[in-house]
Participant: 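Just passing along the structure, written as structure tokens.
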Amino acid sequence: MKEITAKELEQKLTAGEKLNIVDVREDVEVATGIIPGAKHIPLGQIPERLEELDKNEHYYMVCRSGGRSGNACQFLIQNGYNVTNMVGGMLDWEGEME
């Protein structure tokens, strides 16, 4: 599984790269702040919301600490998606939030 740190992902965003970020935390967690432009799909909803993700795109998966997003990555990789896990999750995120 590919991995990226919160700092590396923040640097890509700051550099203006167009990124597909998926936040798999629960609603109550996302209410505390989400990476600008991130799509919110709670982990438990990923299997029924696969049609919202394009297999031709690359996605960065985010959760609170990196565990649930890692599970999401494993599931998506098995289903043919190109994904990278943000290790450390939002606990390590120091960038902007909305």
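What you are looking at is a predicted structure, and each value in this text was computed from that prediction instead of being measured.
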Participant: Could you tell me which non-hydrogen atom of P47 sits nearest to which non-hydrogen atom of G44, and how far apart they are?
Facilitator: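 That closest heavy-atom pairing would be CD-O, 3.8 Å.
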
Participant: Just wondering, are more than 12 heavy atoms of other shown residues or ligands nearer than 6.0 Å to CD in E94?
Facilitator: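 12 or below, so no.
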
Participant: If you count heavy atoms of other groups shown closer than 6.0 angstrom to CD of E96, is the number above 12?
Facilitator: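 Atom CD in E96 is not crowded, with 12 or fewer foreign heavy atoms closer than 6.0 Å.
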
Participant: Decide yes or no on side-chain contact (heavy atoms from CB on, under 4.5 Å) for I21 and L9, but give the supporting numbers first.
Facilitator: CA-CA 10 Å; I21 301 169; L9 189 63; 4.2 Å; yes

Participant: Which is it for H58 and K2 under the side-chain contact (heavy atoms from CB on, under 4.5 Å) test, yes or no, and what are the steps along the way?
Facilitator: CA-CA 11 Å; H58 176 257; K2 293 180 281 193; 4.0 Å; yes

Participant: Which heavy atom of R49 sits nearest to which heavy atom of P42, and what is that distance?
Facilitator: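 Taking every non-hydrogen atom into account, NH1-CD, 3.8 Å.
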
Participant: How long is the straight-line distance from CD of E29 back to CZ of R64, given to the nearest 0.5 Å?
Facilitator: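 Here the rounded value is 7.0 Å.
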
Participant: Should V22 and V83 be marked as a side-chain contact (heavy atoms from CB on, under 4.5 Å) after you check the CA-CA gap, both sets of side-chain angles, and the distance that decides it?
Facilitator: CA-CA 10 Å; V22 178; V83 294; over 6 Å; no

Participant: Checking side-chain contact (heavy atoms from CB on, under 4.5 Å) for the pair M90/T32: CA distance, chi angles, key distance, verdict?
Facilitator: CA-CA 10 Å; M90 292 302 286; T32 65; over 6 Å; no

Participant: Looking at V30 and R25, what are the two nearest heavy atoms and their distance?
Facilitator: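 Between these two residues, the closest heavy atoms are CA-NH2, 3.8 Å.
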
Participant: Can you name the closest pair of heavy atoms from E98 and I35 and give their distance?
Facilitator: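 Of all heavy-atom pairs spanning E98 and I35, the closest is OE2-O, 4.3 Å.
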
Participant: Identify the heavy atoms of S65 and L91 that sit nearest to each other, and give their distance.
Facilitator: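 Minimum heavy-atom separation between S65 and L91: CB-CD1, 3.9 Å.
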
Participant: I need the minimum non-hydrogen distance between M61 and I46, along with the two atoms involved.
Facilitator: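 Smallest interatomic distance, heavy atoms only, reads CE-CD1, 4.1 Å.
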
